[in-house]
Amino acid sequence: MINIHLPDQSIMELPENSTAYDAARKISRSLAKEVLAAIVNGKETDITTVLKDGDSLRLITFEDDEGKVVMRHSGSHLMAQAVKRLFPGTQLTIGPAIENGFYYDFDMEGTISAHDIEAIEAEMAKIVKEDLPIERFVLSREEALNFVKEQKEFYKIELIENLPEEEEISFYRQGEFADLCAGPHVASTGMLRAFKLTAVTGAYWHGDSDNKMLQRVYGIVFPKKTQLDAYLLMLEEAKKRDHRKLGKELDLFMMAEEGPGFPFFLPKGMILRNVLLDFWRKKHDEAGYQEISTPLILNESLWHQSGHWDHYKENMYYTTIDEQTFVIKPMNCPGGVLAFKRRMYSYRDLPQRISELGLVHRHELSGALHGLMRVRNFTQDDAHLYITPEQIQEEVIKIIELIDYIYKVFDFEYHMELSTRPENSMGTDEDWEIATEGLRSALEAIGQPYKLNEGDGAFYGPKIDFHLRDSIGRAWQCGTIQLDMQMPERFDLNYIGADGERHRPVMLHRAALGSIERFLGILIEHYAGAFPTWLAPVQARILTITDAHKDYAQDVMTKLKAAGIRVELDDRNEKVGFKIREARLQKIPYMIILGEQEVEKKNLSVRLRKTGKTIEFSLEDFIARVEKETENLADQN
RNA sequence: GCCAGUGUAGCGCAACGGCAGCGCAACUGAUUUGUAAUCAGUAGGUUGUAGGUUCGAAUCCUAUCACUGGCUCCA
């Protein structure tokens with residue numbers, strides 16, 4: 001007998017040569033059904049792993065993050081096997097588990113169509129039915145290379161060659177299919193019943209657009225059909241929150257074929273935007289920022305000096321004025337720098353925090369455009385801070401705190417990423433080291449977790465990015481903090497220090513919302529169009545019961561407007577049920593219903609968006625309530 | 001930009017080689033209504049655009065533009 005240590009500190013006695021699966025079976029039948037993989041002595045492994053005396057064991061199900069990865073990864077193998085059966089000669093590349101499922105990239109003749117997807121799903125179902133055991137085997141490096149060469153899996157040669165020297169090279173076999181893989185995997189294909197292929201796309205080998213385009217198929221897999229159905233339903237629901245759909249329904253913004261990637265803001269969207277910016281200006285004023293505005297178009301010489309001409313040429317738009325080339329600004333910094341340079345600064349003047357709601361134009365690839373989320377012109381809530389090197393950490397922390405405050409007003413969850421020096425960037429290694437360290441130390445001081453993105457910085461400096469999620473879970477970069485030691489150098493910026501000498505300031509570029517357009521897109525999806533009272537383009541709509549109540553309604557509207565409340569009047573000759581339905585579809589926080597009773601009592605019947613309940617208000621109380629919500633950046637209740 | 005898909009009335013959709021239609025919206029009239037759709041009628045189209053195949057094209061082919069999902073890029 002052997003003794004196995006379980007996570008709850010208990011010890012389980014098992015016969016010699018027992019597997020992790022045997023342990024699961026001994027605990028309960030349901031666990032035996034659900035177990036996907038095991039962690040033995042801290043290492044993830046298959047449930048067929050034979051246990052030794054003294055091993056510690058944790059069993060993994062789909063409830064665990066590790067379990068989701070295992071099942072999804074097995075799903076990708078299942079799909080790859082089906083594809084290889086249907087399209088002989090297809091070469092495998094990589095097929096990982098991802099956040100919401102898995103994909104596999106194939107190099108094949110031709111492409112995969114929607115029709116093929118059905119055939120692949122049918123073949124996958126067949127393989128599930130065959131219930132093939134999934135077995136691990138290990139080869140030496142040489143054997144492994146020979147094995148993949150025999151199988152004509154030439155991409156795998158590169159993968160094996162890139163494996164570290166000491167790495168054990170394992171494969172997983174299910175029936176006729178075998179794939180290089182670290183594992184672990186579920187025990188058999190029969191466990192992968194609840195799957196669905198969700199998309200076919202092209203994807204470049206190694207993600208490099210100079211490489212060959214591969215066929216990528218995305219899929220999802222769950223232990224149970226009910227979970228799969230629930231997930232698909234959730235996706236359907238999320239689509240109803242899509243800002244492009246809501247933007248149309250709520251008449252907030254539009255796109256025209258004449259302006260791909262150039263959004264139009266409509267009256268209601270404009271209110272939303274202006275309310276957001278009023279809030280932004282107030283907070284930035286409090287935080288010590290001064291707002292400026294710089295020109296949209298500036299002479300090409302400026303862009304040579306800033307380095308954009310060399311590093312950002314492809315993304316810029318150009319125009320000619322009096323036979324000279326001008327650039328339509330893709331960033332606000334060079335113009336901002338000119339404004340900074342207008343006078344001399346003492347060290348006592350720093351930090352200078354100069355903000356600009358600057359409209360920038362960038363030539364994004366046509367295939368990259370997406371509603372308000374990725375456009376070709378957008379307004380950055382930009383600011384440039386000119387500081388001494390000693391002020392780096394303190395100022396970066398202040399910015400992080402400001403951004404955190406703003407995101408919390410909207411109940412956003414976000415994550416931060418630190419991006420380091422990219423290829424084709426300006427400046428010395430030393431500058432980059434100081435700059436990167438400045439950002440890193442601020443992050444460490446704040447103590448919030450962040451992800452490291454090697455080589456993803458701006459061409460002039462490293463950055464901290466803030467990412468928010470849209471309705472279907474895609475992360476979009478919004479806030480950003482970029483530390484720049486190049487621009488001050490190139491524009492010969494300086495301030496007079498306490499020693500009376502000239503010194504070079506450090507420049508911080510930062511945006512909190514990022515792009516107003518993108519942020520509004522996220523905001524629309526976040527609230528599903530039902531904006532809190534303070535943000536709602538229309539805060540209240542007055543609905544009359546009959547024409548007899550029009551005068552009173554007009555009177556109420558005049559008074560609400562005078563109080564600064566955004567109000568509309570629906571005095572059409574329609575039934576009140578119909579008017580309520582329309583106001584609901586417009587997601588207006590308050591409906592004020594005025595009929596015989598209200599005229600008599602000189603009050604308001606107010607129907608709340610949140611509960612659908614109707615409450616009687618005096619005009620004054622209603623105004624007070626909306627004013628309070630507006631002031632507190634709040635929603636109803 | 002690349003791969004795949006989709007473009008039909010303001011919006012959502014049907015017709016898939018044989019007369020371009022439905023619902024909502026719009027307009028007109030009736031109805032004066034109490035908490036998610038009152039009734040009747042009218043009008044609205046060079047089927048994204050340009051070529052081609054065909055007796056005949058929304059439908060098939062080619063090109064192009066836009067959009068959608070990815071890749072790449074990025075706020």
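Letters go in sequence order (proteins before strands), and every chain restarts at 1.
- Look at the C1' atom in both B:rU35 and B:rA40: the space between them is 26 Å, to the nearest Å.
- For A:Glu596, whose side chain is taken as the heavy atoms from C-beta onward, the closest listed nucleotide among B:rU38, B:rG69, B:rG34 is B:rG34.
- Using cut-offs of 30° and 60° for the angle between ring planes, the A:Tyr231 and A:Phe222 rings count as tilted.
- Of the residues listed (A:Leu357, A:Val275, A:Ile516), the one engaging A:Trp280 in a side-chain contact (heavy atoms from CB on, under 4.5 Å) is A:Leu357, and it is the only one.
- The base of B:rG34 sits with one of its N or O atoms less than 3.5 Å from a complementary donor or acceptor on the side chain of A:Glu598.
- Residue A:Arg362 is classed as a base contact, given a heavy-atom separation below 4.0 Å to a base.
- Counting any heavy atom pair closer than 4.0 Å across all strands shown, A:Met373 reaches a base atom.
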Query raised in the report: What's the verdict on salt bridge (charged side-chain N to carboxylate O under 4.0 Å, His left out) for A:Glu395 and A:Arg510, showing C-alpha distance, side-chain angles and the deciding distance?
Result: CA-CA 11 Å; A:Glu395 284 302 315; A:Arg510 48 110 283 178; over 6 Å; no

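- Backbone-only contact: A:Val576 has heavy atoms under 4.0 Å from sugar-phosphate atoms and none from a base.
- If you check every strand for non-hydrogen atoms under 4.0 Å, A:Val360 touches nothing.
- Counting non-hydrogen atoms under 4.0 angstrom, A:Ser605 reaches a base of the nucleic acid.
- Note: NE2 (A:His361) to P (B:rA75) measures 17 Å, nearest angstrom.
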Report summary line: Its dot-bracket string being built from Watson-Crick and G-U pairs below 3.5 Å, with | for another strand and [ ] for crossing, RNA chain B has the pattern (((((((..((((....[..)))).(((((.......))))).....(((((..]....))))))))))))....

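- Checked by atom type and distance alone, the side chain of A:Trp303 pairs as donor or acceptor with a backbone atom of A:Leu298 at under 3.5 Å.
- In this structure, A:Phe378 reaches the bases: a heavy-atom distance under 4.0 Å links it to at least one base atom across the strands shown.
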Report task. Take A:Glu291 and A:Ser355, measure what side-chain hydrogen bond (donor to acceptor under 3.5 Å, both in side chains) needs, and give me the verdict at the end. Result -> CA-CA 5 Å; A:Glu291 187 177 345; A:Ser355 66; 4.9 Å; no

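- Within the nucleic acid shown, A:Ala511 has no heavy atom closer than 4.0 Å to any nucleic acid atom.
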Requested in this report: Quick one: do A:Glu517 and A:Arg273 satisfy salt bridge (charged side-chain N to carboxylate O under 4.0 Å, His left out)? Show the steps, please.
Outcome: CA-CA 9 Å; A:Glu517 289 73 6; A:Arg273 192 181 162 117; 3.1 Å; yes

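- If you check every strand for non-hydrogen atoms under 4.0 Å, A:Gly207 touches sugar and phosphate atoms only.
- Atoms NZ (A:Lys245) and C1' (B:rC67) sit 16 Å apart, rounded to a whole Å.
- The listed nucleotides are B:rC71, B:rG34, B:rG69; the one nearest the side chain of A:Ala203 is B:rC71.
- Across all strands shown, A:Glu582 has no heavy atoms under 4.0 Å from either base or sugar-phosphate atoms.
- Here the rule is side chain to side chain donor-acceptor pair (under 3.5 Å) with A:Thr544, and of A:Lys550, A:His549, A:Lys579 only A:Lys579 fits it.
- With B:rC71, B:rG34, B:rC74 as the candidates, the nucleotide lying closest to the side chain of A:Asp456 is B:rC74.
- Rounded to an integer number of Å, the gap from CD1 of A:Ile580 to C1' of B:rU38 is 15 Å.
- For B:rA4, one of the phosphate oxygens OP1 or OP2 lies less than 4.0 angstrom from a side-chain nitrogen or oxygen of A:Thr111.
- The side chain of A:Glu257 approaches B:rA66 more closely than any other nucleotide in the set B:rU32, B:rA66, B:rA75.
- Side-chain to base pairing of A:Tyr204 with B:rG70: no donor and acceptor N or O lie closer than 3.5 Å to each other.
- Looking at heavy-atom distances under 4.0 Å, A:Phe519 makes no contact with the nucleic acid at all.
- If you take CG of A:Asp470 and P of B:rG69, they are 9 Å apart, rounded to a whole angstrom.
- Checking B:rG69, B:rA75, B:rU35 against every side-chain atom of A:His370, the shortest atom distance belongs to B:rG69.
- Within the nucleic acid shown, A:Gly577 comes within 4.0 Å of sugar-phosphate atoms alone, with no base atom in reach, counting heavy atoms only.
- Note on A:Lys248: a side-chain N or O is less than 4.0 Å away from OP1 or OP2 of B:rG12.
- Residue A:Gln215 is classed as a sugar-phosphate contact, given heavy-atom separations below 4.0 Å to backbone atoms only.
- In this structure, A:Trp476 does not pack face-to-face on the six-membered ring of B:rA75, missing the 5.5 Å centre cutoff or the 30° plane limit.
- The residue A:Leu369 sits close only to the backbone: its heavy atoms come under 4.0 Å of sugar-phosphate atoms, none of a base.
- Residue-level contact check: A:Gln482 touches the backbone only, with heavy atoms under 4.0 Å from sugar-phosphate atoms and none from bases.
- In this structure, CG of A:Asp210 is placed 14 Å from P of B:rC2, rounded to the nearest angstrom.
- Nearest to the side-chain atoms of A:Pro260 among the listed nucleotides B:rC67, B:rG69, B:rA75 stands B:rC67.
- On the P atoms, B:rA58 is 14 Å away from B:rG51, given to the nearest whole Å.
- B:rC27 and B:rA43 are spaced 16 Å apart, taking the P atom of each and rounding to whole Å.
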Report task. Go through A:Tyr204 and A:Asp210 one step at a time and tell me if the side-chain hydrogen bond (donor to acceptor under 3.5 Å, both in side chains) criterion holds. Result -> CA-CA 8 Å; A:Tyr204 302 107; A:Asp210 291 334; over 6 Å; no

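- For a distance-only test at 3.5 Å, the side chain of A:Arg374 qualifies as a donor-acceptor partner of the base of B:rC74.
- Partner A:Phe519 forms a ring-ring contact (aromatic ring centres under 6.0 Å, His included) with one of A:Phe412, A:Phe378, A:Trp476 and no other, that one being A:Phe412.
- If you measure from atom CG of A:Asp551 to atom P of B:rU32, you get 19 Å, rounded to the nearest angstrom.
- Distance, A:Trp205 CH2 to B:rC3 C1': 17 Å, rounded to whole Å.
- The gap from the C1' atom of B:rA66 to that of B:rU8 amounts to 15 Å, rounded to the nearest Å.
- Between B:rG69, B:rG12, B:rU38, one nucleotide has an atom nearer to the side chain of A:Arg474 than all others, and that is B:rG69.
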